[in-house]
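Here the structure is laid out as structure tokens; the discussion comes afterwards.
Nothing here was measured: the structure is a model prediction, and the numbers come from that model.
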Amino acid sequence: MKVTKDFYWKEFESRDGATMPATVKKNITLLAQSLQALRDKIGKPILINSGYRSPSHNKRIGGVPNSQHTLGKAADIKVHGLSPKQVAEEIEKLIKAGKMKEGAIGIYTTFVHYDIRGLRVRFKGKY
């Protein structure tokens, strides 16, 4: 089942198989809409490494306790053929153009963290 024209619910599910609460589904819908704007702009598939994380899965993998992933507001993404820095730059442009929601952008070695928390946060990841 699709969330947007190019994203499926399955891509955002917690890796431990936990059911998404209704509030998380609402947030995932908003997140997927922003990611769809990115997909439309770059014309390349976006791989979701991590979307929603149940609180227990988040803890097990060492995620921060207040992770936006546990709210369904974050995704760690990869785009083949683009560096994480290039992906982050495209997200930045789309936020400024009002086509993606404001939030955090974290640039890691192999992926970008993007979330829709509503506050501008920028960081370099540790990996």
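Y108 and I46 end up in different hydrophobic clusters when Ile, Leu, Val, Met, Phe, Trp and Tyr side chains are linked at under 4.5 Å. Grouping the Ile, Leu, Val, Met, Phe, Trp and Tyr side chains by contacts below 4.5 angstrom, directly or via other members, places I107 apart from F111. Placement of V112 and I95 within a single hydrophobic cluster is found when ILVMFWY residues are connected by side-chain heavy-atom separations under 4.5 Å, directly or transitively.
In this structure, L94 and A37 approach most closely via the heavy-atom pair CD1-O, 3.9 Å. Across all their heavy atoms, P45 and V79 have their closest contact at O-CG1, 3.8 Å. Of all the heavy atoms in Y52 and A18, the pair that sits closest is CE2-O, 4.5 Å. Closest of all the heavy-atom pairs between R53 and S50 is NE-OG, 2.9 Å.
Taken to the nearest 0.5 Å, the CZ atom of R39 stands 13.5 Å off from the CD atom of E90. How far CH2 of W9 is from CE of M20: 6.0 Å, rounded to the nearest 0.5 Å.
Under 4.0 Å is where a charged nitrogen must lie from a carboxylate oxygen, and between E92 and R120 at least one such pair does. A salt bridge between K59 and D16 is absent, with no side-chain N of the basic residue lying under 4.0 Å from a carboxylate O of the acidic one. Taking 4.0 Å as the cut-off between side-chain N and carboxylate O, K10 and E13 do not count as a salt-bridged pair.
With a 4.5 Å cut-off on side-chain heavy atoms, I48 and F7 count as touching. Between I77 and E11 there is no side-chain heavy-atom pair separated by less than 4.5 Å. Here the side chains of T110 and N49 are not in contact, with every heavy-atom distance at 4.5 Å or above.
Take H69 and apply the ring-ring contact (aromatic ring centres under 6.0 Å, His included) test, not counting sequence neighbours, and it matches H113.
Other residues, nucleotides and ligands place no more than 12 heavy atoms under 6.0 Å from the OH atom of Y8. Annotation: K2, atom NZ; neighbour count of heavy atoms from other residues, nucleotides and ligands within 6.0 Å is above 12.
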Practice task
Begin from the C-alpha positions of R122 and E102 and carry the test salt bridge (Lys or Arg N to Asp or Glu O under 4.0 Å) through to its verdict.
Solution key: CA-CA 11 Å; R122 302 296 181 261; E102 183 63 84; 3.0 Å; yes
Practice task
Apply salt bridge (Lys or Arg N to Asp or Glu O under 4.0 Å) to the pair K85 and E89, showing each step before the final yes or no.
Solution key: CA-CA 6 Å; K85 184 178 182 221; E89 288 168 351; 3.7 Å; yes
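Of the possible polar contacts, none joining the N58 side chain to the P65 backbone as a donor-acceptor pair under 3.5 Å is found. Side-chain N or O atoms of S14 include one that pairs as donor or acceptor with a backbone N or O of S54 at under 3.5 Å.
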All N/O donor-acceptor pairs, side-chain side in residues 27-36, below 3.5 Å, sequence neighbours left out:
unit_1: N27; atom_1: ND2; unit_2: T23; atom_2: O; d: 3.4
unit_1: N27; atom_1: ND2; unit_2: L71; atom_2: O; d: 2.7
unit_1: T29; atom_1: OG1; unit_2: K25; atom_2: O; d: 2.9
unit_1: S34; atom_1: OG; unit_2: K101; atom_2: N; d: 3.0
unit_1: S34; atom_1: OG; unit_2: Y114; atom_2: OH; d: 3.4
unit_1: Q36; atom_1: OE1; unit_2: T4; atom_2: OG1; d: 2.7
unit_1: Q36; atom_1: OE1; unit_2: D6; atom_2: N; d: 3.1
unit_1: Q36; atom_1: NE2; unit_2: D6; atom_2: OD2; d: 2.7
unit_1: Q36; atom_1: NE2; unit_2: D40; atom_2: OD1; d: 2.8

